[in-house]
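To start, the structure under review is shown below, and the notes come after it.
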Amino acid sequence: MKEVRERLAEALKKAVDRLPAELREGFSGQVAVVPSAKKEFGDFTSNLALKLARKNHPASEVAGFLKQALLEEHLDFLDRVEEKSGFLNFFLKKQTRAELIRTILTSPETFGSCSLGAGKKVLLEFVSANPTGPLTIAHGRQAAFGEALARILTFAGYQVTREYYHNDAGRQIRLLGQSLKARYEQLHGKDTPVPEDGYHGHYLIDLARKIKSVPEDQPDFFEKFAVEEISRSIREDLARFGVTFDSYISEQTFHQQGEVQATLRDLEKAGCLYQAEGATWFRSTSFGDDKDRVLVKGDGSLTYLAPDIAYHRYKIVRGYDLIIDILGPDHHGYVPRLKAAVAALGFPQEKIHIIIVQLTTLFRGQEKLRMSTRAGEFISLRQLMDEVGPDAAKFFFIFRRAESHLDFDLKLAKKQSLENPVYYLQYAHVRLLHLQQFAAQQGFSQQECLQADLSLLQEKEEEALIKQLGDFPGVIERISQTLEVHQLAEYLLALARFFHSWYQHHRVVNQQRALTLARLALVQALQVVFSRAMQLLNISVPDRM
RNA sequence: GCGCCUGUAGCUCAGCUGGAUAGAGCAAUGGGCUUCGAACCCAGAGGCCGCGCGUUCAAAUCGCGCCAGGCGCGCCA
C-alpha cells in the first residue's frame, strides 16, 4: 500500500496543473506534505499555497483553488481538507488512521522501508582509525553514527558497503615501531627513550610485555607486531560495539599495486598537476580549495594526501552512486581538498557527502575530563563501554546531531533513573513485552488481534499514538536524504512518551473483549515499530529490568 | 590572520530544508499507585532563539557584519 502522504503529494502536484497559468509560474516541482504540528491542523499539512502565492493572489485564494482541484481527485482516505491561514490541512478518515495498524501487523518486516535507494550502491567509509593506538570516544561516536546510518540506508533500499580504510603505511607506522621497540628495550633493562614525536601511551608498554623474543632477520618486526596487535584489538572493540565492516582497505596495498602512481597519471592527464619549487602540486584551487596542495615532496616522497586521493579514486572506479565519508572534526580542513580531488577525477561533487562528526566532551557530573591523545591520556572506547555499557554509549552518541559538540556525562549514562533516556526506552519496551505476556495468559491470541475492530480506538492518546506510528516511514525517508541519524532517536523517544501516556490513562486488557483486542493490536504494532527503530539504531534492550 | 562547527528555558538539546501561538527531557513546584511494572503519568511555571542590518507575504531557519565558545590551519600523518 502506498503511503497516504505520498498519495497526497501526488494529488497536489496534479492539482497544480489545473491552476491558472500565472499561479503555476513559480512552481518548483516540490510539494511538501508534512505531519501536522497540532491536532487542530489535522493529520498532514502542506504549505504549497503559501509558496505559490503572489502579490495580487494571496495564499488563501490559491489554497481555495487547490482545495477545489483536490476534491476532484476523489481521494478515498480523506475525510476533509481545511484551509487555514494559507495552509492546507488534511484530515484522514478515522478508518484510514486505524487501518494503519493492520498494515503494520500484516507487513512487520517492511513497514517503514522504501524504494528510495533501490538499485543504488553506497560506499560508506567510517572510523578508519590509524592502527597506532586504541579507539577513542571520538571514534566511538563515528562508529555509532556510521553503523546506524548504514542500517537506515539499507532499510531505505540502498545497497550499502561499510568500509574501513586502514592507514598502515608511512611515517606514523615507523614511529609506532620505534616507540614499541623503546618500550621493549626498557622492559629489558635499557633506558632507550620513546621518540619525542612517538607514541607515549601506556598501551605500548602492555604490548611490549607480550613480546617473547625478537627475530633477528626481521628489521620491521616491531612495526608489524604493533600494527597487527592494535588492529586486532580495534576490531574486537568494534565488534563488541556492534559495528562490523564489509571491507577493509589497506593503504600499503595501494602503494604496492601502484595505485598512487596511476592516480597521479590520471590527474596529470586531466591537467591538474604542475611542478613548482621542486615538488608536484595538485591544482585544487580550480575546484574550490583555498590553496593548491603538494602531492610529491621535493625529496620524491608522497604527502599524506596522495594515497588518500588514490583511495578515493578506487571508490569511484568501483561504480558507487553515492560516496559517504564520516570524518572527525580534526579533518574538517581536509574536506575541500578531498572534494577537489574527487571532482578532478570526474566524479560529480553532489554525490559525495563528507560528514564531520563533532567532538565529544566527557564529563563526570560537573567535572570536565581533559584529554590528550599525544600524551596518551584519554578515555578509550573500551573504557567507555566498560563503564556505561555499549548500548547506553551508542544511544548518547546517536541522539544528537552530528554537528553538535556533544557533552557526554558518564554519571548520567550510568544512572538508572528518569534522567537517563536509555532507561525510559527500556522501560517502554519492557512494558510492551509484559502487556503481551499478560494478554496471552488471559487467553488473547495474536491471531485474534489481526481481526480486531480498530475503529474502537477513539481515545485522544490512541489517535496521537497512531499518528506517531504513521510518521515512521517519513522519518526513514527523511534520514536517507538528510543523513541525520539523530532524528530516529528523537522519533523513538516521542513514540515511547506517547505510549507511556496512553498506558497510564487506559487499560489495555479490560472488561470489553473487542476493545481489548483493538488495543492489543495497537500494542503489537508498537512493538513492531519500536523493535525496528531500536534495531536500526543498533541498540539492544533487555526483556526485564 | 584564515577556515569549519556551535550559540534556542536554570542544564542538556529538538525544531522535518523559510511557515500557524518556538518544543521536549532533566532540575525546581504541586498532584496521581487496591487493577496490565509508579524506572511511569498529569498540571502550572520557566524564552530580546548571542547582537545588529538586510532579503521575503512570512526568518530561530537564508545573506552580510559583529560578539562569544570549540576545533583545525605544514613539502606532518
Side-chain angles (χ1 to χ4, degrees), chain A residues 30 32 34-38 40-41 45 47 50-51 53-55 58-59 84-87 89 130 132 167 169-173 175 197 276-281 290-291 293-299 301-305 307-308 328-336 356 358-359 361 363 399-409 412 415-421 423-424 426-428 430-431 433-439 441-442 471 474-475 477-479 481-482 484 486-487 489-491 493-494 496-497 499-510 516 519-520 523 544-545:
Chain A
Q30 292 290 320
V34 300
S36 304
K38 287 184 182 176
E40 57 187 288
F41 300 148
T45 294
N47 63 356
L50 286 151
K51 294 273 185 214
R54 289 287 169 279
K55 281 256 152 57
K84 208 170 187 180
S85 47
F87 290 94
N89 293 326
N130 296 349
T132 52
N167 233 292
R171 200 177 83 99
Q172 49 163 358
I173 298 299
L175 274 170
D197 45 359
E277 301 162 55
T280 305
W281 295 70
D290 58 344
K291 55 181 166 184
R293 309 289 168 177
V294 171
L295 296 185
V296 185
K297 299 184 222 169
D299 65 1
S301 63
L302 298 167
T303 61
Y304 178 76
L305 183 60
D308 234 21
D330 50 335
H331 282 79
H332 68 233
Y334 208 65
V335 174
I356 300 288
Q358 284 297 332
L359 218 70
T361 313
F363 285 83
F399 93 132
R400 297 306 181 200
R401 276 156 51 237
E403 312 92 75
S404 79
H405 302 241
L406 187 69
D407 284 354
F408 192 127
D409 185 351
L412 175 61
K415 228 179 203 173
Q416 308 207 352
S417 79
L418 28 152
E419 290 168 67
N420 189 343
Y423 284 87
Y424 191 79
Q426 294 187 348
Y427 189 46
V430 168
R431 270 187 158 174
L433 290 181
H434 277 252
L435 269 173
Q436 290 175 310
Q437 281 168 16
F438 183 79
Q441 281 166 18
Q442 302 296 311
D471 288 348
V475 171
E477 200 177 296
R478 202 163 69 243
I479 295 174
Q481 283 158 349
T482 61
E484 292 177 350
H486 73 280
Q487 293 192 10
E490 291 280 341
Y491 171 83
L493 277 173
R497 202 151 44 236
F499 167 60
H500 281 311
S501 177
W502 173 59
Y503 180 94
Q504 196 75 27
H505 286 95
H506 308 287
R507 267 191 76 81
V508 173
V509 180
N510 55 62
T516 300
R519 287 184 173 165
L520 283 173
V523 166
R544 66 184 63 185
M545 302 170 68

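The sequence lines fix the lettering, A, B, ..., with proteins before strands; numbering per chain opens at 1.
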Check the phosphate of [N] against [X], side-chain N and O only, distance under 4.0 Å to OP1 or OP2. Yes or no?
{"X": "A:His486", "N": "B:G15", "result": "yes"}
{"X": "A:Arg401", "N": "B:C5", "result": "no"}
{"X": "A:Ser501", "N": "B:C40", "result": "no"}
{"X": "A:Lys297", "N": "B:A77", "result": "yes"}
{"X": "A:Tyr424", "N": "B:C41", "result": "yes"}
{"X": "A:Arg293", "N": "B:G74", "result": "no"}
{"X": "A:Tyr427", "N": "B:A39", "result": "yes"}

NA contact type, [X], heavy-atom cut-off 4.0 Å: base, sugar-phosphate, or nothing?
{"X": "A:Ser301", "answer": "nothing"}
{"X": "A:Val34", "answer": "sugar-phosphate"}
{"X": "A:Arg507", "answer": "base"}
{"X": "A:Ser404", "answer": "sugar-phosphate"}
{"X": "A:Arg171", "answer": "sugar-phosphate"}
{"X": "A:Gln426", "answer": "nothing"}
{"X": "A:Tyr503", "answer": "base"}
{"X": "A:Asp471", "answer": "nothing"}
{"X": "A:Thr45", "answer": "base"}
{"X": "A:Val475", "answer": "nothing"}
{"X": "A:Ala279", "answer": "base"}

Roughly, in whole Å, what's the span from [atom1] in [X] to [atom2] in [N]?
{"X": "A:Phe41", "N": "B:A20", "atom1": "CZ", "atom2": "P", "result": "8 Å"}
{"X": "A:Asn47", "N": "B:A58", "atom1": "CG", "atom2": "P", "result": "16 Å"}
{"X": "A:Asp407", "N": "B:C11", "atom1": "CG", "atom2": "P", "result": "12 Å"}
{"X": "A:Arg497", "N": "B:C41", "atom1": "CZ", "atom2": "P", "result": "9 Å"}
{"X": "A:Leu493", "N": "B:C26", "atom1": "CG", "atom2": "P", "result": "11 Å"}
{"X": "A:Met545", "N": "B:C40", "atom1": "CE", "atom2": "C1'", "result": "11 Å"}
{"X": "A:His500", "N": "B:C41", "atom1": "NE2", "atom2": "P", "result": "6 Å"}
{"X": "A:Ile356", "N": "B:G3", "atom1": "CD1", "atom2": "P", "result": "17 Å"}

Close side-chain approach of [X] and [Y], heavy atoms under 4.5 Å:
{"X": "A:Asp407", "Y": "A:Phe363", "answer": "yes"}
{"X": "A:Lys297", "Y": "A:Leu302", "answer": "no"}
{"X": "A:Leu406", "Y": "A:Leu359", "answer": "no"}

Practice problem: Please confirm whether any donor atom in the side chain of A:Asn89 sits under 3.5 Å from an acceptor in the base of B:A20, or the reverse. | Solution: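 Pair found.
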
Self-check item: Under-3.5 Å donor-acceptor pair between A:His405 side chain and B:C5 base
Solution: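 Yes.
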
Quiz item: Do the charged groups of A:Asp471 and A:Arg478 touch, with an N to O distance under 4.0 Å?
Solution: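 Result for this pair is no, no salt bridge flagged.
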
Quiz item: Of the non-hydrogen atoms in A:Ala496 and A:Tyr424, which two are nearest, and what is the gap between them?
Solution: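 Nearest heavy atoms, A:Ala496 then A:Tyr424: CB-CE2, 3.8 Å.
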
Quiz item: Considering all heavy atoms of both residues, which atom of A:His500 and which atom of A:Tyr427 are nearest to each other, and what is their separation?
Solution: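 The pair with the smallest heavy-atom distance is CE1-CD2, 3.5 Å.
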
Expressed as a whole number of Å, how far does the [atom1] atom of [N] sit from that of [M]?
{"N": "B:C51", "M": "B:U8", "atom1": "P", "value": "10 Å"}
{"N": "B:G44", "M": "B:C49", "atom1": "C1'", "value": "23 Å"}
{"N": "B:G7", "M": "B:G63", "atom1": "P", "value": "14 Å"}
{"N": "B:A9", "M": "B:C66", "atom1": "C1'", "value": "26 Å"}
{"N": "B:G30", "M": "B:C16", "atom1": "C1'", "value": "35 Å"}
{"N": "B:C11", "M": "B:A28", "atom1": "P", "value": "15 Å"}
{"N": "B:G54", "M": "B:U61", "atom1": "P", "value": "14 Å"}

Exercise. If the glycosidic angle is within 90 degrees of 0 it's syn, otherwise anti, so just tell me which one B:U8 is.
Key: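 Classified anti.
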
Quiz item: Taking it one step at a time, do A:Val335 and A:Ile356 satisfy side-chain contact (heavy atoms from CB on, under 4.5 Å)?
Solution: CA-CA 9 Å; A:Val335 174; A:Ile356 300 288; 3.8 Å; yes

Quiz item: Parallel, tilted or perpendicular: which describes the rings of A:Tyr334 and A:Tyr304, with under 30° parallel and over 60° perpendicular?
Solution: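 Correct class here is tilted.
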
